[in-house]
Amino acid sequence: MTNATDTAGTGDSLLHLPPDDRSVDRVRRLLRQRLTPVYGGNEAEAMTRLIFAALKGWSVTDMLIHANTILSDIFLSRLENILYRLDRHEPLQYILGQARFYGMDFTVNPSVLIPRPETEELVDIIVGNNRERKDLRVLDVGTGSGCIAIALARHLPFARVTAIDISPEALDVARENARRLKTGITFIQADILAIAKEGQPADSFDIIVSNPPYIARGEAADMDSNVLDYEPHTALFVPDDDPLRYYTPIADIARRTLSEGGQLYFEINPRYAEDIVAMLADKGFTDITVSEDISHRPRFVTAHQR
Ligand code: GLN
């Protein structure tokens with residue numbers, strides 16, 4: 001082995017690998033070595049799989065089958081570019097332009113939040129409560145990538161889904177996802193705060209769901225740079241003195257537009273669970289329940305229209 005190869009694992013370019021040392025197996029190992037100091041071993045392995053899946057369409061089995069395949073210069077320089085960006089904590093989903101959610105691949109870019117596993121749990125709760133019901137009218141407020149709206153459109157039989165976002169760039173992404181994932185959704189560009197104030201009669205819905213911005217500015221100090229430096233702040237933050245900034249107007253809209261027995265679902269900041277429950281009770285919602293995410297933090301609130 002040459003000197004250049006010996007140091008590849010400590011940060012040298014993959015392009016310095018001699019041609020006969022560019023096998024899939026070898027490069028996989030080097031990728032893991034490069035990523036482990038920054039992301040830890042498990043995450044490094046998961047990222048390596050995602051990279052090969054996105055760039056080559058390969059599963060883990062495919063990587064084993066191709067263990068001795070020699071990778072091209074072009075492929076290695078693409079990997080180098082990815083590593084460069086990962087070293088700077090850019091989220092892999094933005095680099096690859098895709099994120100997995102509820103068993104589907106969504107297109108993402110920095111104008112939308114990367115779909116989170118907690119939000120899959122929220123979809124699970126809604127689907128679990130409604131899987132037998134047909135023709136539900138669903139509204140998703142602050143749809144972002146469209147992940148909730150699309151997952152519900154795919155899993156609730158004949159649901160008619162409307163999705164709102166204030167950001168035209170986010171709606172472009174959501175529309176693209178709806179098209180690729182073959183779901184018909186009505187997208188509306190609107191500011192939910194303005195809609196709540198106008199008080200005009202709107203459509204009627206059986207389910208309203210939202211994962212609005214809910215992180216207080218003061219919490220930013222504890223956040224990772226991959227979130228803070230890359231994800232859209234308009235999708236993340238609320239003022240410290242107004243943590244329910246979006247929940248209250250969405251609840252008002254829900255009071256006006258939910259059908260009898262209609263359901264309201266929120267993903268929430270665990271810090272404000274009690275405040276959100278109190279606000280919903282105050283507005284007259286019934287059967288208000290808080291459920292925990294897999295990390296046992298109060299993360300979801302469900303309420304019903306009387
Ligand atoms: N759960 C996201 C996070 O912790 C925040 C999502 C949101 O603000 N709605 O980064």
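Both counts, for ligands and for their atoms, begin at 1 and track the order of listing. Please read these numbers as outputs of a predicted model, since none were measured by experiment. The figures here come from the full heavy-atom set of this structure, side chains too, leaving out hydrogens, waters and symmetry mates.
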Student: Salt bridge or not for Arg297 and Glu118, using N-O below 4.0 Å?
Tutor: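 Between Glu118 and Arg297 there is no salt bridge, as every charged N stays at least 4.0 Å from the carboxylate O atoms.
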
Student: Would you mind checking if Arg26 and Asp21 are paired as a salt bridge, meaning a charged N to carboxylate O distance below 4.0 Å?
Tutor: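 Answer for the salt bridge query: yes.
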
Student: Is Leu113 close enough to touch ligand 1? Criterion: a residue heavy atom under 4.0 Å from a ligand atom.
Tutor: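 Per 4.0 Å heavy-atom rule, Leu113 contacts ligand 1.
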
Student: Specify the protein heavy atom at minimum distance from atom 4 (O) of ligand 1: its residue, its atom name, and the distance to 0.1 Å.
Tutor: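 Minimum-distance protein heavy atom for atom 4 (O) of ligand 1 reads Ile215 CD1, 4.0 Å.
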
Student: So does Arg29 pair up with Asp25, basic N to acidic O under 4.0 Å?
Tutor: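 Between Asp25 and Arg29 there is a salt bridge, with a charged N closer than 4.0 Å to a carboxylate O.
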
Student: Counting N and O atoms only, with roles assigned by atom type, does the side chain of Tyr39 sit under 3.5 Å from a partner on the main chain of Leu86, one being a donor and the other an acceptor?
Tutor: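 Yes, because the side chain of Tyr39 sits within donor-acceptor range (under 3.5 Å) of the backbone of Leu86.
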
Student: Report the residue from Asn130, Asp287, Asp206, Thr302 that forms a side-chain hydrogen bond (donor to acceptor under 3.5 Å, both in side chains) with Gln263.
Tutor: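 Result for side-chain hydrogen bond (donor to acceptor under 3.5 Å, both in side chains) with Gln263: Asn130.
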
Student: Determine whether any heavy atom of Ala235 lies closer than 4.0 Å to an atom of ligand 1.
Tutor: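 The answer is yes, since Ala235 has a heavy atom less than 4.0 Å from ligand 1.
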
Student: Should the ring pair Phe52 and Trp58 be called parallel, tilted or perpendicular, given that the plane angle runs from 0 to 90° and is split at 30 and 60?
Tutor: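 Phe52 and Trp58: parallel rings.
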
Student: Among protein heavy atoms, which sits nearest to atom 10 (O) of ligand 1, and what does the distance come to when rounded to 0.1 Å?
Tutor: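 Nearest protein contact, heavy atoms only, for atom 10 (O) of ligand 1 is Arg116 NH2, 2.7 Å.
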
Student: To the nearest 0.1 Å, how far is atom 9 (N) of ligand 1 from its closest protein heavy atom, and which atom is that?
Tutor: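 Minimum-distance protein heavy atom for atom 9 (N) of ligand 1 reads Pro212 O, 2.6 Å.
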
Student: Nearest protein heavy atom to atom 8 (O) of ligand 1, by residue and atom, and its distance?
Tutor: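 Of every protein heavy atom, Tyr214 N, 3.2 Å lies nearest to atom 8 (O) of ligand 1.
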
Student: With a 4.0 Å cut-off on heavy atoms, is Glu267 in contact with ligand 1?
Tutor: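 Distance cut 4.0 Å: Glu267 passes for ligand 1.
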
Student: Would you mind running through ligand 1 and noting each atom that sits below 4.0 Å from a heavy atom of Pro213?
Tutor: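 By the 4.0 Å cutoff, the relevant atoms are 8 (O).
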
Student: What do we get for Glu118 next to ligand 1 when only non-hydrogen atoms under 4.0 Å count, side chain, backbone, both or neither?
Tutor: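 Side chain only.
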
Student: May I ask you to say whether Arg88 pairs ionically with Asp229, meaning some side-chain N is under 4.0 Å from a carboxylate O?
Tutor: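 Salt bridge between Arg88 and Asp229, a charged N being under 4.0 Å from a carboxylate O: no.
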
